[in-house]
Amino acid sequence: MEPRQGHAPIRARPFVLLRPVRGKERRMPDMQEFVPYEETLLYRIRHSAAHVMAQAVREIYPDVRFAIGPPIENGFYYDFDLGRDEAGAQRHFTEEDLEQIEKRMREIIKGKHRFAYKEVSAEEAKKLFTGQPYKIELIEGLERGEVDEYGNEVKTRPVISTYTQDTFEDLCRGPHVEHTGQIPANAFKLLSIAGAYWRGDENNPQLDRLYGTAWEKKEDLDKYIELLEEARKRDHRKLGRDLEIFIFDDEVGPGLPLWLPNGGVLIEQLEAFAKEVEERAGYVRVRTPHLTKEDLFLRSGHLPYYAESMYPPMELEGVRYYVKPMNCPMHHKIFGSKPRSYRDLPLRLAEYGTCYRFERSGELFGLMRVRSMQMNDAHIYCSVEQFEQEFMGVIALYHQYFKVFNIDRYVMRFSTHHRRGLGKKYVNNEDLWVQTEEMVRRVMTNGNVPFVEVPDEAAFYGPKIDVQIWSATGREFTLATNQVDFAQPPRFDLTYVSAEGKDETPLCIHRAPLSTHERMIGFLIEHYAGAFPAWLAPQQVSIIPIADRHLDYTRQVERRLRDAGLRAEVNDSSDRMGNKIRKAQAMKIPYMLVVGDREMEENAVALRMRSGEDRGAIPVEEFVAYATGVVREKQYE
RNA sequence: GCCAUCCUAGCUCAAUUGGCAGAGCAGGCGCUUCGUAAGCGUCAGGUUAUGGGUUCAAGUCCCAUGGAUGGCUCCA
């Protein structure tokens, strides 16, 4: 996969990058780059552009109230509260405002106004920002020395400072460029208007956020715009439709994908692969229903924590049933279905389970975030002594899969609990949290697996290792997950008899290395830009007769390839050869076999690769051996 | 769910800003039988997302609903 961005200095230290500041700030780290973003010129340019934008906004909306305006990856934003109009309705920016603001920003830049730094006392600061409630709140936070502008805790009491350029003074710790003239007037652009909650809390008022991008020079801006366009072409939502992999239908409902035949092939191939790998790794397959009684989810502890993301229950003969949002409780039931001995452990129950989760409408995102999904799920029941080996076994599976898919742009995130969530987001047993987290930390460290630790991202029943990936358009998702569960086995009274003849409670590892079909395929479409390796490609071979007299022969070739297990089809349309090739290319079919008089004569086919490479005529049997080999070995050409 | 924007044929997009809904690609049919990314012709395809309103007249203006997109929030 191409680096998403190779030309901009970005934050390098994962701990800085992935600090839990939410949203856009989290990004794929580039391990090659060691200059902290905060220390780059680009950071100053973007930060300064945000201030200039704020000044321009105030000139249009004099009674605007300012929130915060930091540099971010690729640009900057500023949050504003435009107040209410005469009718009492909240005012918002319009598209025309954007143009006007951008124009005004260029004028301010031309003025070469100095950015003047000033330290102030909290008292002075509050006086300076009279009538600016958000700034006052920030100052009070700084005064108490508790939180920074994002609401994150800080250790030391910071200095309160302001920067002034031209007529505009803003609460700010910098740094900035020396004067507005150092912001390249032709290398920035305002991008969009968005709503954003004050301090990222949906219970707070929603502000108007203006996003902009800024670069050191125009060519960088142009490159960035081009990059965005390239990303759009790679977007699985576009490719999914063009390549006829899946659709969404209004009448079916949002977040409920319909898999077209091509998508069906992808699913079948992934499942066959998973089955093969899991069987070798000692998993056994189970199958469980889509529905269960409410009691099961009360027992598992899901209902009190996650009822909001579950579809509402249906009541039948006085009993409430839920569509399952996960498979674990049923697997627990299978574990508990008979007495277990330590000799049964580890027991690895696998199922590509079909789950339904109610995601709020605005949270849906193509295949990456859906309401119906099929998980590459399994639950491993093991003793504490077996934990390390089992946990590492799962990490090894990840690596095995990722190697086959050539996935290398990811971050393993160690998601731990946070004290403030105990009893709410998390099972209330801090000792067990600390203990299992230490266990995972040790296992990962011993196994030499790089990871970043992020507090307050755990599952409600235990810590986990998530594999974080980025969509073509830059959104972060958890692809695979490997979770420790110390809470559910006791809730289900799961036990096994130890060698000493005592009842012990097993640990449970929840794992989904291949994610869900939805997210995995969404990711793979973008990862391969639709050009799947042959083993996954919905159609592997397009057989192209040059003229109708070659039709019979191509049908024989088709028969031979299908017998060999290849997904091949003759293009028998009245198109000319060139157009048949063009259509096969558009569908990103790995192999095109052109057949004319010469090939027919020699029982051969002329092999054209998806890359455009012409490999010339080869015997049919040679192609069969070659293609089946590539498929068998899951090679990516 | 919240804020903003958008919704015209399967896809990509037009329609002189309130005055006869159109093109390319894709599809059907016919002709063409061709050597590595677009052969020619022809036909069909639409209650302009849905419902209501304003108007002599609505794809265009207003309201509601649905869906999508960019963010925010959320993400077991």
Side-chain angles (χ1 to χ4, degrees), chain A residues 22-24 77 79 90 92-95 97-98 191-211 232 235 237-238 241-242 244 247-251 253-255 300-302 305-306 308-310 325-328 355 357-366 368-370 375 377 415 425-426 457-462 464 466 473 475-478 481 483 485 488 510 512 519 544-551 573-586 592-599 606-610 612-617:
Chain A
R22 304 151 194 266
K24 268 198 113 102
Y77 70 79
D79 286 344
Q90 181 69 35
H92 297 290
F93 287 108
T94 63
E95 299 285 333
D97 288 339
L98 275 192
L191 296 176
S192 61
I193 308 163
Y197 299 104
W198 167 238
R199 296 212 134 148
D201 185 338
E202 65 180 320
N203 300 309
N204 285 341
Q206 193 168 44
L207 310 169
D208 275 26
R209 175 173 295 179
L210 296 186
Y211 278 105
R232 254 196 296 280
D235 192 318
R237 291 168 298 182
K238 178 176 169 45
R241 193 178 48 229
D242 292 349
E244 299 185 17
I247 53 161
F248 287 99
D249 184 279
D250 286 359
E251 250 175 307
S300 70
H302 282 104
Y305 291 95
Y306 290 106
E308 268 184 24
S309 1
M310 291 167 67
M326 72 285 296
N327 310 297
C328 34
C355 298
R357 296 177 185 183
F358 183 78
E359 309 283 358
R360 295 193 291 179
S361 56
E363 290 153 2
L364 300 170
F365 181 79
M368 304 298 268
R369 191 82 181 273
V370 289
M375 276 201 277
D377 211 359
S415 303
K425 279 170 78 171
Y426 307 121
E457 290 284 344
F460 83 89
Y461 43 67
K464 54 180 180 168
D466 293 323
T473 46
R475 244 179 269 208
E476 179 182 358
F477 289 95
T478 298
T481 187
Q483 314 180 344
D485 184 350
Q488 287 196 66
H510 305 237
R519 194 168 282 182
I544 299 172
I546 289 175
D548 284 354
R549 65 178 175 280
H550 309 120
L551 264 175
S573 74
S574 62
D575 282 334
R576 298 172 78 154
M577 180 205 62
N579 208 23
K580 289 177 184 176
I581 287 173
R582 184 168 173 272
K583 284 176 180 171
Q585 290 282 159
M592 282 153 271
L593 301 182
V594 178
V595 170
D597 294 336
R598 297 201 295 270
E599 287 75 19
L607 172 59
R608 178 195 159 100
M609 310 293 283
R610 175 167 59 186
E613 181 193 350
D614 183 353
R615 295 212 179 164

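In what follows, chains are A, B, ... by sequence order, proteins preceding strands, each numbered from 1. Keep in mind that the numbers below use all heavy atoms, side chains included, and drop hydrogens, waters and symmetry copies. Keep in mind that this is a model prediction, so the values were computed, not measured.
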Checklist entry - When we call it a touch if two heavy atoms are under 4.0 Å apart, what does A:Asp250 touch: a base, just sugar-phosphate, or nothing? => result sugar-phosphate
Checklist entry - Base, sugar-phosphate, or nothing for A:Gln483, non-hydrogen atoms under 4.0 angstrom? => result sugar-phosphate
Checklist entry - Would you say a side-chain N or O of A:His92 is under 4.0 Å from OP1 or OP2 of B:C3? => result no
Checklist entry - When you compare B:U42 with B:A64, how far apart are their C1' atoms, in angstrom units rounded to a whole number? => result 44 Å
Item to check | side-chain N/O A:Lys425 vs B:C74 OP1/OP2, d < 4.0 Å | outcome: no
Checklist entry - Between A:Tyr211 and B:A4, is there a side-chain N or O to OP1/OP2 distance below 4.0 Å? => result no
Next on the checklist: Distance check, P atoms only: B:G35 and B:G39, in whole angstrom units.
Outcome noted: 12 Å
Checklist outcome for this item: In terms of heavy-atom contacts, A:His510 and A:Gln488 come closest through CE1-NE2, 3.7 Å
Checklist entry - With A:His302, which residues qualify under ring-ring contact (aromatic ring centres under 6.0 Å, His included), at least two apart? => result A:Phe460
Checklist entry - Just to confirm, is there a sub-4.0 Å distance from OP1 or OP2 of B:A68 to any side-chain nitrogen or oxygen of A:Arg241? => result no
Checklist entry - Pick the nucleotide of RNA chain B nearest each of A:Gly253 and A:Asp201; which residue has the one closer to the 5' end? => result A:Gly253
Item to check | hbond_proxy A:Arg209 side chain to B:C72 base (donor-acceptor, 3.5 Å cutoff) | outcome: no
Item to check | Gap in Å between the two P atoms, one belonging to B:U17 and one to B:C61, rounded | outcome: 13 Å
Item to check | Nearest-angstrom distance, C1' atom, B:G24 to B:A15 | outcome: 15 Å
Checklist entry - Can we say A:Glu202 and A:Arg360 salt-bridge, meaning some charged N sits less than 4.0 Å from an Asp/Glu carboxylate O? => result yes
Next on the checklist: Tell me if the side-chain of A:Tyr197 makes a donor-acceptor pair with the base of B:G1, cut-off 3.5 Å, by modelled atom types.
Outcome noted: yes
Checklist entry - For RNA chain B, whose closest nucleotide is more 5', that of A:Met326 or that of A:Glu363? => result A:Glu363
Checklist entry - When rounded to the nearest Å, what value does the distance between P atoms of B:A9 and B:U60 take? => result 14 Å
Next on the checklist: Using a heavy-atom cut-off of 4.0 Å across all strands, would you classify A:Ala196 as base, sugar-phosphate, or nothing?
Outcome noted: sugar-phosphate
Checklist outcome for this item: Here the distance between atom P of B:G71 and atom CG of A:Leu191, to the nearest Å, is 10 Å
Checklist entry - Do you know the tightest heavy-atom contact between A:Tyr197 and A:Asn204? => result CD2-O, 3.6 Å
Item to check | Side-chain-base donor-acceptor pair under 3.5 Å for A:Glu359 and B:C75 | outcome: no
Checklist entry - How far does the C1' atom of B:A76 sit from the matching atom of B:C3, given to the nearest Å? => result 28 Å
Checklist entry - How far, in whole Å, is B:G59 from B:U50 if one measures between their C1' atoms? => result 15 Å
Checklist entry - In whole angstrom, what separates A:Arg475's CZ from B:U73's C1'? => result 12 Å
Checklist outcome for this item: With B for base contact, S for sugar-phosphate-only contact and - for none (protein heavy atoms under 4.0 Å), nucleotides 35-48 of chain B reads BBBBB---------
Next on the checklist: Counting the atoms with a prime plus P, OP1 and OP2 as sugar-phosphate, which does A:Lys580 contact under 4.0 Å by heavy atoms, base, sugar-phosphate, or nothing?
Outcome noted: nothing
Item to check | Partner of A:Leu210 by side chain to side chain contact (heavy atoms under 4.5 Å, CB included), out of A:Asp97, A:Leu98, A:Asp79 | outcome: A:Leu98
Checklist entry - Has A:Tyr306 got its ring stacked on B:A76, by the test of a centre gap below 5.5 Å and a plane angle below 30°? => result yes
Next on the checklist: As an exercise, state the distance from CZ of A:Arg357 to OH of A:Tyr306, rounded to the nearest 0.5 Å.
Outcome noted: 10.0 Å
Checklist outcome for this item: Which of A:Lys580, A:Arg582, A:Lys583 passes side chain to side chain donor-acceptor pair (under 3.5 Å) with A:Asp575? It is A:Lys583
Next on the checklist: Give me the distance, rounded to whole Å, that separates B:U55 from B:C74 when you measure between the P atoms they each carry.
Outcome noted: 47 Å
Checklist entry - Taking both distances under 3.5 Å as the test for a Watson-Crick or G-U pair, what stems of at least three pairs does RNA chain B have? => result B:1-7 with B:66-72, B:10-13 with B:22-25, B:27-31 with B:39-43, B:49-53 with B:61-65
Checklist entry - Contact class for A:Phe248 vs. all strands (heavy atom < 4.0 Å): base, sugar-phosphate, or nothing? => result nothing
